[in-house]
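Structure record follows, encoded as structure tokens.
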Amino acid sequence: MPELPEVEVIRRGVQRWAAQQRISEVEVTHPRAIRRHLPGAEDFRARLRNAVITSVNRRGKYLWLALDTGEALLCHLGMSGQLLITDDDAPVGKHLRVRFEFEEPGHELRFVDQRTFGEMLVDNPANGGPRHIEHIAFDVYNSEFDIASTTARIRKSNRGIKRILLDQTVISGIGNIYADEALWRAQLHGEHPANQLATGQVHDLISHVRALFDEAITAGGTSFDALYVNTNGESGYFSRGLSAYGRAGQPCRRCHATIVLERFMNRSSHYCPSCQPKR
């Protein structure tokens, strides 16, 4: 699933090509893509036609296109969703789910999703974003992100620190890849109880998250297969800089012990047993 850096790369691409464009037509080719827009495809189309995209925004892993109507087009990419800026006459692939044509000819916006876990809906604004993501916490780039209150909340929990990093209601945008990488940099095991961490350790961990995001965005995100691409269809290359995730059986870049892979919450955890011992 795309995490914050990948979604931010896509946001920048959509902002560049689609901001200030008027939507002239909308085509929904698969109803599952708008399953949470309960009034259905015709209402979805009617509320977007003739609207101008004023800005493209993000919170954590969610994107939304603000409209001059006062509403917003909310998008979550799911496991394999892609937002692509294409030429008007580009061939239509079999995984196209929603298509947006613009009044100004030349380019259009396409939502492509092979596994159909992604979704779109038209929503009303609330608390600085669409109503459906009010429960999503601010991410480290948001001006309202408060490291002191976030740290205090983390240190009140007896859950393992990796579970908290993945909890989008505590701090948003972190998925399995960047959780493993941040924990490796902080030399913490994912099962370490959060209430046993010092304030400085939590601050250090959040700083590593921010640094990882900065580096990954610069590299265009992390691509392991063709399912994550930017708006031009290009892969990111941050996977070359990963130190823990996806490196099971390889030597730790810090101490040369062997990176271990364990099952975790229907996912996987990669860590160094020497640098990140279980406590």
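The model shown is predicted, which means the values in this text are computed figures rather than measured ones. Index from 1, following the sequence.
- Looking only at distances, a side-chain donor or acceptor of Asp123 sits under 3.5 Å from a matching main-chain atom of His132.
- Not a single donor-acceptor pair under 3.5 Å links the side chain of Gln20 to the backbone N or O of Val52.
- A salt bridge links Asp167 to Arg159: one of the charged nitrogens lies within less than 4.0 Å of a carboxylate oxygen.
- Judged by distance alone, with hydrogens and angles left aside, the side-chain atoms of Arg247 form no donor-acceptor pair with the main-chain N or O of Cys252 at under 3.5 Å.
- Checking side-chain atoms of Asp43 against main-chain N and O of Arg47 turns up no donor-acceptor pair under 3.5 Å.
- Panel note: side chain Gln276, backbone Gln187; no donor-acceptor pair is recorded below 3.5 Å.
- With respect to the salt-bridge test (charged N to carboxylate O, under 4.0 angstrom), the residues Arg45 and Glu42 qualify.
- Side-chain atoms of Ser80 come within 3.5 Å of backbone N or O of Arg115 as a donor-acceptor pair.
- Using a 4.0 Å cut-off between charged nitrogen and carboxylate oxygen, Glu8 and Arg12 count as a salt-bridge pair.
- The shortest distance between side-chain heavy atoms of Ile10 and Pro2 does not fall below 4.5 Å.
- With hydrogens and angles disregarded, no donor-acceptor distance shorter than 3.5 Å links the side chain of Arg59 to the backbone of Asn142.
- Looking at Phe213 and Ile174, their side chains come closer than 4.5 Å, going by heavy atoms from C-beta outward.
- Under a 3.5 Å cut-off, the side chain of Arg11 and the backbone N or O of Val56 do form a donor-acceptor pair.
- Cation-pi geometry between Arg253 and Trp184 is not satisfied (NZ or CZ under 6.0 Å from the ring centre, within 45° of the ring normal).
- Side chain of Glu3 to main chain of Asn176: a donor-acceptor pair is present (N/O by atom type, distance under 3.5 Å, no hydrogens or angles).
- Contact check for Pro273 versus Tyr271: side-chain heavy atoms found under the 4.5 Å cut-off.
- For the residue pair Thr222 and Tyr178, a side-chain donor N or O sits within less than 3.5 Å of a side-chain acceptor on the partner.
- Taking both residues in full, the closest heavy atoms of Asp180 and His270 are given as OD2-N, 2.9 Å, listed atom of the first, atom of the second, then distance.
- Between the side chains of Asp214 and Tyr141, a donor-acceptor pair is found at a separation under 3.5 Å.
- Salt bridge present: Glu215 and Arg185 bring a charged side-chain N and a carboxylate O closer than 4.0 Å.
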